[in-house]
Amino acid sequence: MALHDQTRKTASGVGDHIASRLLGWYDAHHRDLPWRIAPRELARGIRPDPYRVWLSEVMLQQTTVEAVKSYFRAFVEKWPDVEALAASPTEDVMKAWAGLGYYSRARNLKACADLVARQGGRFPDTQAGLRELPGIGAYTAAAIAAIAFDQPAAVVDGNVERVVSRLVSIVTPLSEAKGDIRTYVERMVPATRPGDFAQAMMDLGATICTPRRPRCMLCPLREDCSATVSSDPERFPVRRPKGEKPLRRGAAFVAVRDDGAVLLRKRADKGLLGGMTEVPTTGWTARIDGATTDAAAPFPGNWRPAGRIGHVFTHFALELDVFKTMTDGAAPAGHFWSLAHEISGEALPTVMKKVIEAAIPGATKKQRAH
């Protein structure tokens, strides 16, 4: 039987049954998350705020729930609605985002807020309308439509792909099976509570149907799960072997003024780490190495080695040799001095925090102004 036919048959036969079981489990075992309206709150008529749903979904792209919680709370405290976020300078948004990674999300977040604010501060309530907004792709549009507007949308993230792959024992590599997985989910989405169903599927994958050592005995879908019957759930989803990430090299230069200020500059708005703040570095990219010696320093000085840091990006690994110097000179063109007590608030990506910490331990931690 073809995978598509198998998926169609299985989904049409047990979809309603699975949704019912899953929602019952979710009512009792859902995660309490700062952006979530729990089932008991929904029953009292409390509705999700599309702004908070959108913000959380953008933050959660390729980032863990635990990492997002504190950022989400800080964002909604500073910018409680989309109009407030739109009114804020882009630089402030980038600073608040620093450390979350994948910085194009922050630029798109600001662009989306600007557009929604200009259109009256209301998010579209359909997947098609949401897809017209900056930074909102198919998954995010489906998640917002289901969770914020109770639309029967198929929300498929990595957790959901794992759950479905095990339910049906899909032996096709995940990269090729995504369409059939979506078909399966579409046929399971209930007409009522589609937002809770979407969140239940994600919670099940995050807490029970985990990548390693899944807790199958606690799973509400264990009687329907093909992988559980075969006693080999960790086999799924099937993935093609990953190629080794290329290693790129470069150098980074930490110049410190006599009063403790650090020399920084802003990266170009487009490209890797676009719009973020950095210390001067050499011209490394995902495809080429940069210079690795102090001969490439931004100005002549007594540059001394301060260690080497490593950082892993999505498509490559990076090693930077760090050099440090003391200076009382003016900032070169395109650079600026950040005072010691202000460095922790700069829009520094994690790789640049590592660089500065190698040269000045503790410098990127929050300090009190004197």
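Between N159 and A206, the closest heavy-atom pair is OD1-N, 3.6 Å. Here the shortest heavy-atom pairing between I356 and A363 reads CG2-CB, 3.7 Å. Contact record, E161 with S165: O-OG, 2.7 Å, taken as the closest heavy-atom pair. A pairwise comparison of heavy atoms in Y51 and F123 identifies CA-CE1, 3.8 Å as the closest pair. A pairwise comparison of heavy atoms in P214 and C209 identifies CB-CA, 4.2 Å as the closest pair. Heavy atoms only, all atoms of each residue included: G260 and A340 are closest at O-CB, 3.8 Å.
At a threshold of 4.5 Å between non-hydrogen side-chain atoms, the residues W35 and L55 do not count as touching. Looking at P332 and L263, their side chains come closer than 4.5 Å, going by heavy atoms from C-beta outward. Between E357 and K365 the shortest side-chain heavy-atom distance falls below 4.5 Å. The side-chain heavy atoms of Y26 and F197, taken from C-beta on, include no pair separated by under 4.5 Å. Counting heavy atoms from C-beta on, the side chains of E278 and P349 never come closer than 4.5 Å. Taking 4.5 Å as the limit, some side-chain heavy atom of T350 sits within range of a side-chain heavy atom of K354. Within the 4.5 Å cutoff, the side chain of C219 has no heavy atoms near those of the T228 side chain. Residues E132 and P124 have side chains not in contact (no heavy-atom distance under 4.5 Å, counting atoms from C-beta outward).
Other residues, nucleotides and ligands place more than 12 heavy atoms under 6.0 Å from the CZ atom of R47. When the shell of 6.0 Å around CZ of R304 is examined, it contains 12 or fewer heavy atoms from other residues, nucleotides or ligands.
L348 pairs with exactly one of V355, T277, L273 by the side-chain contact (heavy atoms from CB on, under 4.5 Å) rule, that one being T277. Each of V189, V155, V164 was checked for a side-chain contact (heavy atoms from CB on, under 4.5 Å) with M201, and the lone residue meeting it is V164.
Here D328 pairs with D258 under the side chain to side chain contact (heavy atoms under 4.5 Å, CB included) rule; sequence neighbours left out.
In this structure, CG in L100 is found 7.5 Å from OG in S70, a value given to the nearest 0.5 Å. To the nearest 0.5 Å, the span separating CD1 on I136 from CD on Q61 amounts to 9.0 Å. Atom CG of D232 and atom CZ of R166 lie 9.5 Å apart (nearest 0.5 Å). Summarising the geometry, atom CZ belonging to F299 is positioned 8.5 Å from atom NE2 belonging to H335; distances are rounded to the nearest 0.5 Å. Here R215 contributes atom CZ and R222 contributes atom CZ; the two are 12.5 Å apart, rounded to the nearest 0.5 Å. To the nearest 0.5 Å, atom CG of residue L221 and atom CD1 of residue I18 are 5.5 Å apart.
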Between I144 and F149, is the side chain to side chain contact (heavy atoms under 4.5 Å, CB included) condition met? List the steps. CA-CA 7 Å; I144 298 171; F149 299 110; 4.1 Å; yes
Under the criterion side chain to side chain contact (heavy atoms under 4.5 Å, CB included), I'd like the reasoning laid out for E176 against R240: C-alpha separation, chi angles, the key distance, then a yes or no. CA-CA 10 Å; E176 301 167 23; R240 295 194 181 281; 2.2 Å; yes
Side chain to side chain contact (heavy atoms under 4.5 Å, CB included) between K178 and R182, worked out: CA-CA 6 Å; K178 289 179 180 289; R182 176 170 295 279; over 6 Å; no
Starting from the C-alpha separation in whole Å, work towards a yes-or-no answer on side chain to side chain contact (heavy atoms under 4.5 Å, CB included) for I309 and V322. CA-CA 7 Å; I309 66 99; V322 181; 4.2 Å; yes
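For K110 (side chain) and A86 (main-chain N/O), a donor-acceptor pair under 3.5 Å exists by modelled atom type. Panel note: side chain R235, backbone S169; no donor-acceptor pair is recorded below 3.5 Å. Judged by distance alone, the side chain of T325 and the main-chain N or O of A255 form no donor-acceptor pair under 3.5 Å. Side chain of T282 to main chain of G250: no donor-acceptor pair is present (N/O by atom type, distance under 3.5 Å, no hydrogens or angles). When atom types are taken as modelled, the side chain of D203 and the backbone of R31 share a donor-acceptor pair closer than 3.5 angstrom. Remark: the backbone N or O of A141 is not paired with any side-chain donor or acceptor of R131 at under 3.5 angstrom. With hydrogens and angles disregarded, a donor-acceptor distance shorter than 3.5 Å links the side chain of S56 to the backbone of V53. R265 places no side-chain N or O within 3.5 Å of a backbone atom of G334 that could act as its donor or acceptor partner. Under a 3.5 Å cut-off, the side chain of W97 and the backbone N or O of G101 do form a donor-acceptor pair.
In summary, R36 and D32 do not engage in a salt bridge, as defined by a charged side-chain N under 4.0 Å from a carboxylate O. A salt bridge does not link R122 with D125: none of the charged nitrogens is closer than 4.0 Å to a carboxylate oxygen.
Within the structure, every pair that satisfies the salt bridge (Lys or Arg N to Asp or Glu O under 4.0 Å) test and touches residues 52-67, not counting sequence neighbours, is listed here: E66-K69. The salt bridge (Lys or Arg N to Asp or Glu O under 4.0 Å) analysis of residues 280-292, with sequence neighbours excluded, yields no pairs.
Taking the centre of each ring, F313 and H315 stay at or above the 6.0 Å mark.
Using a 30° and 60° split on the angle between ring planes, W284 and F316 fall in the tilted class, from 30° to 60°.
When the side chains of ILVMFWY residues are joined at heavy-atom separations under 4.5 Å, either directly or via intervening members, Y102 and L133 end up in two distinct hydrophobic clusters. Note on I37 and M59: separate hydrophobic clusters, where clusters join Ile, Leu, Val, Met, Phe, Trp and Tyr whose side-chain heavy atoms are under 4.5 Å apart, directly or indirectly. Taken together through direct or relayed side-chain contacts under 4.5 Å among Ile, Leu, Val, Met, Phe, Trp and Tyr, L115 and W54 form part of one hydrophobic cluster. Hydrophobic clustering of Ile, Leu, Val, Met, Phe, Trp and Tyr side chains at less than 4.5 Å, counting indirect connections, keeps L42 apart from L22. Cluster annotation: L339 and I360 are assigned to distinct hydrophobic clusters (Ile/Leu/Val/Met/Phe/Trp/Tyr, side-chain heavy-atom contacts under 4.5 Å, transitive).
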